[in-house]
Amino acid sequence: MSFTFTDDQRQLADSIERYLADKYGFEQRNRIRKGEGGWSRQVWKDFAELGWLAFPIAEEHGGLGGSTVDLALMMEAFGKALVVEPFIATIVLGAEIVARADPERAAEILPQVAAGERLLAFAHSEPNSRYDLPRVSTMATESDEGWILDGHKAVVLHGDCADTLIVSARTGGRDDERDGITLFLVPGDAEGLTKRTYPTIDGMRGADLEFDGVRVGLDAVLGEMGKALDIVEGVVDRASVALAAEGVGAMQATVDLTTEYLKTRTQFGKPLGSFQVLQHRAVDMLSETRFAHALCYRTAGLMDSVGGVERARAASMIKAEIGRAGKMVGEEAVQLHGGMGMTDEMAVGHYFKRLRLIDVTFGNAGHHLSRIVDMA
Amino acid sequence: MSFTFTDDQRQLADSIERYLADKYGFEQRNRIRKGEGGWSRQVWKDFAELGWLAFPIAEEHGGLGGSTVDLALMMEAFGKALVVEPFIATIVLGAEIVARADPERAAEILPQVAAGERLLAFAHSEPNSRYDLPRVSTMATESDEGWILDGHKAVVLHGDCADTLIVSARTGGRDDERDGITLFLVPGDAEGLTKRTYPTIDGMRGADLEFDGVRVGLDAVLGEMGKALDIVEGVVDRASVALAAEGVGAMQATVDLTTEYLKTRTQFGKPLGSFQVLQHRAVDMLSETRFAHALCYRTAGLMDSVGGVERARAASMIKAEIGRAGKMVGEEAVQLHGGMGMTDEMAVGHYFKRLRLIDVTFGNAGHHLSRIVDMA
Amino acid sequence: MDVVLSPEEEAFRQEVRDFLKEKLPADIAEKTGNGFRISKDDHVRWQKILHEKGWIAPNWPVEHGGTGWTPMQKHIFDEECALAGAPMVIPFGVTMVAPVIMKFGNEAQKQRFLPRILSSDDWWCQGYSEPGSGSDLASLRTKAVLDGEHYVVTGQKTWTTLAQHADWMFTLVRTQDTGKPQEGITFLLIDMKSPGISVHPITTLDGSAEINSVFLEDVRVPVENRIGEEGKGWTYAKYLLGHERTSIAAVGRSKAQLRKLKSIARTELAGGRPIIKDPDYARRLAQIEIDLLSLESLVLRTLYAESEGRPVGAEPSFLKIKGTQIQQGLTELLMEAIGPYAAPYQPEAFRDDGWNEEPVGPDYGPALAPLYFNWRKASIYGGSNEIQKNILAKMVLGL
Amino acid sequence: MDVVLSPEEEAFRQEVRDFLKEKLPADIAEKTGNGFRISKDDHVRWQKILHEKGWIAPNWPVEHGGTGWTPMQKHIFDEECALAGAPMVIPFGVTMVAPVIMKFGNEAQKQRFLPRILSSDDWWCQGYSEPGSGSDLASLRTKAVLDGEHYVVTGQKTWTTLAQHADWMFTLVRTQDTGKPQEGITFLLIDMKSPGISVHPITTLDGSAEINSVFLEDVRVPVENRIGEEGKGWTYAKYLLGHERTSIAAVGRSKAQLRKLKSIARTELAGGRPIIKDPDYARRLAQIEIDLLSLESLVLRTLYAESEGRPVGAEPSFLKIKGTQIQQGLTELLMEAIGPYAAPYQPEAFRDDGWNEEPVGPDYGPALAPLYFNWRKASIYGGSNEIQKNILAKMVLGL
């Protein structure tokens with residue numbers, strides 16, 4: 001056990017932070033998210049060229065074979081800058097599912113992904129499923145030439161722009177059964193697919209997808225028939241750690257902004273930071289951030305070496321923690337900023353919104369606490 | 001609706017507080033609780049003579065017919081002085097059960113109670129029942145001349161000194177069935193009854209009672225056979241409000257002590273009370289106390305005019321609230337007293353202990369929140 | 001202590017209910033129910049209905065057009081209005097500036113302003129806060145210089161809620177720079193159509209634009225629009241802060257939110273079960289019900305004490321803190337109730353000019369996350385909760 | 001980042017386990033398991049066993065008798081000892097005064113004191129706090145006046161844990177009244193058998209008497225028992241505070257408590273169901289497990305950073321706050337677990353001299369409420385959590 005980062009890891013984090021400090025300041029980000037599509041193709045191209053899209057992808061699929069700790073370091077840096085590009089959708093979810101589900105297809109798809117030439121999205125949750133991964137009612141019906149998909153996928157992150165959607169559907173079993181869920185590769189512009197796209201409250205993009213008799217070929221099946229759930233759970237657990245790392249980055253930035261504000265803003269003739277109540281509350285925020293950071297990387301370190309209940313439990317712990325701590329830090333940061341914290345022009349509110357939406361992505365703190373209890 | 005106290009009520013509270021200020025200061029109380037029996041027969045006699053034992057008892061049973069609001073005012077005053085006399089056991093529980101269960105017996109027993117000549121205790125909870133009132137396994141078996149009681153009653157408040165025990169036992173039904181619970185009057189010195197007596201952590205007295213073939217006559221039955229649970233629940237709900245009022249009194253005293261301490265104690269050359277963090281925390285304590293007070297009397301005002309679920313829900317709300325708020329106020333008071341708060345010589349710790357034990361009497365905050373949820 | 005409604009009070013409640021059933025426009029109630037924004041026209045329409053009934057200003061003395069209700073009647077009225085989905089009466093005129101005009105204004109000001117407040121013909125806004133003044137209100141710097149029969153006012157006000165609709169602004173300005181900061185402050189009523197005034201919306205983190213910056217550049221304000229004496233504005237402002245302070249607890253509004261929350265929690269499923277049956281969610285709901293009942297109890301006690309002429313003291317600071325904690329707690333539970341559907345940002349779905357498409361997710365969904373984010377303001381504005389605690393530490397505990 | 005134990009570390013854990021299984025006296029482990037008090041003899045007996053094995057002082061340099069373990073080995077050792085029910089090694093000698101003697105003491109002092117600390121032949125206590133000094137330690141007033149080859153010490157120390165057993169006390173005394181309060185403080189080692197010393201127990205709110213007031217009346221302390229220079233005591237005390245500061249988090253102890261709590265929660269019934277199955281209780285348990293895992297993660301990171309020579313900074317203040325919150329949270333859940341049986345006060349059931357009767361209620365019951373009340377001290381002593389936050393605000397945030 002060592003509990004420290006390697007020099008390579010420190011360099012990776014540094015290089016991403018340097019890039020973002022240069023190209024992705026708060027104003028730049030505002031322009032990007034208000035621009036066409038809500039994110040920057042140029043930034044994405046840079047990510048590809050700098051090797052960051054390839055980094056978390058396994059070497060056998062043309063990636064650089066980064067570990068979950070590496071991925072967490074990247075996400076932390078993205079969290080500090082509130083990156084809105086489709087990294088979670090394409091890399092953390094999409095590429096990982098393809099790699100785990102179907103090595104053969106991975107060899108074809110992932111090099112394109114790593115090159116920044118193909119965007120993926122994972123269409124799994126449905127209006128009534130909330131955070132329950134087994135609850136899939138989208139139906140896949142076999143036809144002569146392939147499969148016909150019918151159903152509604154809810155709040156698909158970057159489902160608006162994906163070239164390829166990875167869609168879970170029932171080829172057997174009842175609504176909440178573990179067996180019978182199969183993954184399909186569906187072109188983003190498939191016939192019969194209606195997209196309602198929207199910005200999300202935190203400045204990302206999403207879509208609700210209606211599949212109305214969408215026909216795909218036999219080769220659209222990704223991986224083993226009816227056995228997708230284990231893969232989905234594994235990928236979502238790892239994505240929970242990645243989201244937590246992003247949250248840790250956002251929390252750190254939030255604490256920094258708040259501390260800076262307390263130092264510069266005066267009230268009753270004194271800097272706000274001289275008021276003991278505000279000092280202690282800033283310390284509480286910092287403390288939450290420190291402990292979340294420590295737990296996050298410990299969990300990331302576990303992800304690549306354990307499986308099953310141990311993996312699930314660890315992932316739920318950090319996801320529950322980031323939900324709780326992120327909420328506390330975000331709310332307190334706005335409060336400590338006073339009226340200014342309520343305005344769109346200050347960065348603090350944007351971090352707050354991202355922190356709250358990280359919580360509702362793949363299960364909020366309450367859901368994950370329940371999951372931990374149910375596993376006990 | 002008026003939401004204010006009558007002049008009579010203000011006078012009642014004043015007269016009790018005056019008496020206690022005179023006879024029941026912190027040092028006097030320490031002597032009393034360390035003395036024989038753990039409480040003062042003289043104080044009890046005074047209570048009787050001043051009419052306070054009779055006050056909450058219905059007029060038709062020789063009492064003064066005080067309302068639950070009156071009772072709450074008395075309990076609040078007792079809470080401020082941490083009275084250890086068996087008022088809850090004898091008056092709030094015992095007398096009220098007798099009055100509700102069996103008006104005929106009440107006419108015989110309650111005048112003695114009001115005169116301070118008979119002490120009662122309510123033996124209901126059992127080692128495995130925790131806070132579930134229907135969970136009674138003590139058995140009453142019919143014999144030729146009466147009933148034979150077998151079972152174990154746990155943590156009976158002032159069960160050590162009661163002249164008459166009111167004992168619940170099964171005359172039918174299973175362990176947790178509502179039907180089949182009957183009340184018995186048992187002499188405190190009955191043969192076959194083993195008492196293990198002890199002080200409680202908060203300076204009161206209690207006992208565990210083992211009934212091993214305790215024989216009582218047919219006339220020991222109090223009220224209707226097998227139908228005691230409704231009465232028990234009603235009395236316990238009202239007792240919950242009384243305990244809450246006592247808690248409110250203890251909270252007020254705690255806040256006062258803490259404020260005084262903050263004003264007088266200096267640290268780093270300044271009064272503790274000049275530190276903003278401690279100010280805000282004292283304000284939080286005060287706020288909890290204010291709101292608990294308001295809710296307590298509102299609930300007390302309801303107790304005499306509603307029944308069933310409405311009564312149960314209101315009682316559980318204030319009991320849950322006093323558990324939560326009392327814990328917060330007690331813990332913070334000790335913390336704000338620093339090391340001194342940890343010592344037995346300071347009053348604050350004694351209030352803290354009483355507040356915590358009020359919580360575990362007839363159901364802690366968690367139990368009552370669950371009860372509210374289950375009633376929804 | 002009588003905590004059960006009397007038959008007369010029950011009858012009054014029924015009267016209010018009947019009135020609301022008959023007179024509250026359905027389209028307005030529906031918007032309120034879904035958490036959508038209410039347009040200026042909607043507000044004015046409803047307030048004129050209340051005016052017609054004589055119920056627009058329960059806090060006013062009867063001689064000026066008040067209702068003469070008991071504290072309990074006012075409480076019942078507020079609660080029924082909130083439960084029926086009536087929009088809140090915009091407080092800046094009726095609740096805030098009017099009592100100041102009644103108490104400190106001259107006869108001409110009373111004649112001129114009060115009737116138009118009562119009839120909702122004038123929309124008022126509050127010009128107190130400034131950039132940099134925050135909780136330290138007395139540090140304000142907007143300057144008013146006397147020039148003949150006018151004050152010439154220059155400066156910037158901010159956090160001015162709904163100033164975009166306002167005809168008039170009551171404002172604190174600095175007429176003197178020396179001495180204690182409180183002493184050089186004057187209370188002016190400013191016509192928002194005056195040359196030199198510009199209103200700029202401030203977008204808040206929920207994406208809405210209810211608040212504004214108001215810039216004043218050499219705005220000429222007739223001396224006749226000054227309330228009371230020059231330099232005494234702080235006194236008048238403090239009187240205003242002391243007036244009708246229990247309303248800040250917003251018990252009625254929170255009861256309505258709670259009802260809405262329960263209805264949503266019975267609809268939304270988690271693990272195939274309504275979330276109201278989730279043990280943790282249900283407990284948090286129960287706790288907030290307890291909090292709300294406690295709040296209401298202290299509000300009523302305070303109202304009765306006030307009506308009996310006993311001093312209210314610092315009680316409103318307790319009510320403000322607890323009231324806003326409850327409001328924020330409700331918005332948390334509301335946002336949590338819709339799960340992942342908190343994410344889509346659909347401002348068109350709750351714009352005040354209406355929108356006829358189906359939103360993504362449930363109908364009640366689009367407004368909930370913005371409500372949560374917007375409502376973080378509740379613990380900041382009106383004297384932040386930290387300021388309230390400072391006040392309580394000093395006034396009540398003597399620390 | 002490697003967060004899984006290496007085979008060598010696993011082997012070490014097994015070695016510690018085997019040792020504990022073989023050597024930890026069963027009667028001591030049973031007392032610890034039931035939360036009963038541990039007598040002085042028990043402590044010394046166990047510490048001598050550790051000494052014999054060479055494991056009494058993992059924090060010491062190898063040349064003085066330390067173990068040369070990695071941070072992870074120390075962590076494993078602490079955890080296994082706690083889980084096995086080994087009593088905590090009394091810190092005042094081995095952990096607290098010894099590093100000061102090693103760093104600032106002279107050769108004679110090292111020769112004289114260190115071996116007897118290692119062998120537990122001397123029991124030490126800490127004479128820092130005074131009535132009235134509280135968190136403001138530097139305001140201490142116990143006076144030491146040089147008189148030939150002795151200091152004459154007069155004053156009162158308080159909160160002196162286990163002073164009733166102590167042979168020696170390390171103490172801070174005032175040798176100078178002028179200048180900054182920190183500057184006139186001297187670090188003395190005082191023989192507890194010296195004439196003029198009296199020890200008076202202080203009963204705490206749980207009814208126990210672990211802490212004491214120590215009165216010093218013209219106590220003559222040889223100058224040779226002064227550590228380092230006169231007037232430099234504050235520097236030495238600060239060094240001590242900076243030493244082995246991760247142990248304050250007490251991860252091992254909390255893990256042992258958590259295991260005990262789960263076992264009790266599987267036994268105790270509510271509504272006929274083990275309380276570990278109560279959704280609310282189970283969630284609070286899960287939350288505290290998360291907290292403990294977070295704490296352990298930061299402790300380990302801090303230990304590794306320290307072992308790599310990177311500065312530890314203010315991290316121990318975070319660990320102290322979180323560690324004590326967890327400890328207190330565990331005592332709350334423990335007390336709650338036994339329901340009404342928290343009430344009986346049965347001090348005889350957990351006295352350190354043993355008691356052979358059956359307690360009222362479950363065997364594990366009598367110690368739990370006293371533990372909860374006693375453990376409120378955790379957020380007060382060792383620099384209250386408020387003081388820690390002051391430190392963090394200044395050192396880390398620069399506020």
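Sequence lines set the chain letters: A, B, ... in the order given, protein chains first and strands last, and positions in each chain run from 1.
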Of C:A270, C:G361, C:S384, the largest count of non-hydrogen pairs under 4.5 angstrom with chain A goes to C:A270
Using distance alone, with no hydrogens and no angle criterion, decide if C:S213 and C:H200 have a side-chain donor and acceptor under 3.5 Å apart. no
Tell me, do A:V255 and A:T259 make a side-chain contact under 4.5 Å, heavy atoms counted? yes
Is the closest side-chain donor-acceptor distance between C:N390 and C:E386 under 3.5 Å? no
Check whether A:N364 gets within reach of chain C through its side chain, its backbone, both or neither, counting any heavy atom under 4.5 Å. side chain
Which of A:K327, A:M346, A:E345, A:M204 touches chain C most, by non-hydrogen pairs under 4.5 Å: A:K327
Between A:V155, A:V360, A:N128, the one whose heavy-atom pairs under 4.5 Å with chain C are most numerous: A:V155
A:H152, part contacting chain C, at a heavy-atom distance under 4.5 Å: side chain
Could you look at A:R265 and say if it's the side chain, the backbone, both or neither that has a heavy atom under 4.5 Å from chain C? side chain
Examine whether an atom of C:T203 lies under 4.5 Å from a heavy atom of chain A, and if so say whether it belongs to the side chain, the backbone or both; otherwise answer neither. both
Residue selection (most heavy-atom pairs with chain C, distance under 4.5 Å) from A:S370, A:G349, A:G338: A:G338
Name the one of C:F170, C:F92, C:W159 that satisfies ring-ring contact (aromatic ring centres under 6.0 Å, His included) with C:Y128? C:F170
Given that the side chain runs from C-beta out, which part of A:I201 has a heavy atom under 4.5 Å from chain C: side chain, backbone, both or neither? both
Heavy-atom distance under 4.5 Å to chain C: side chain of A:D202, backbone, both or neither? neither
Electrostatic pair C:R174:C:E130 at N-O distance under 4.0 angstrom: no
Heavy-atom pairs under 4.5 Å with chain A - which of C:G339, C:G272, C:A342, C:P344 has more of them than the others? C:P344
Does any heavy atom of chain A fall under 4.5 Å from the side chain of C:P370, the backbone, both, or neither of them? both
Checking C:Y364 against C:E268: is there a side-chain donor and acceptor pair closer than 3.5 Å? yes
Using non-hydrogen atoms only, which part of C:Q328 is less than 4.5 Å away from chain A: side chain, backbone, both, or neither? neither
Side chain, backbone, both or neither: which part of C:I387 has a non-hydrogen atom closer than 4.5 Å to chain A? side chain
Is chain C contacted by the side chain of A:T343, its backbone, both, or neither, given a heavy-atom distance below 4.5 Å? both
Whatever's closer than 4.5 Å to a heavy atom in chain A on C:S133 counts as backbone
Heavy-atom contact with chain C under 4.5 Å, split by part of A:Y131: side chain
Side-chain ion pair, C:R284 and C:E336, N-O less than 4.0 Å: yes
Let me know if C:I211 has heavy atoms under 4.5 Å from chain A in its side chain, its backbone, both or neither. neither
Hey, is the main chain of C:G155 close enough, under 3.5 Å, to the side chain of C:R141 for a donor-acceptor pair? no
Who wins among A:G269, A:P199, A:P127, A:A154 for the most heavy-atom pairs under 4.5 Å with chain C? A:P199
Hey, is C:D278 close enough to C:R273 for a salt bridge, meaning N to O under 4.0 Å? yes
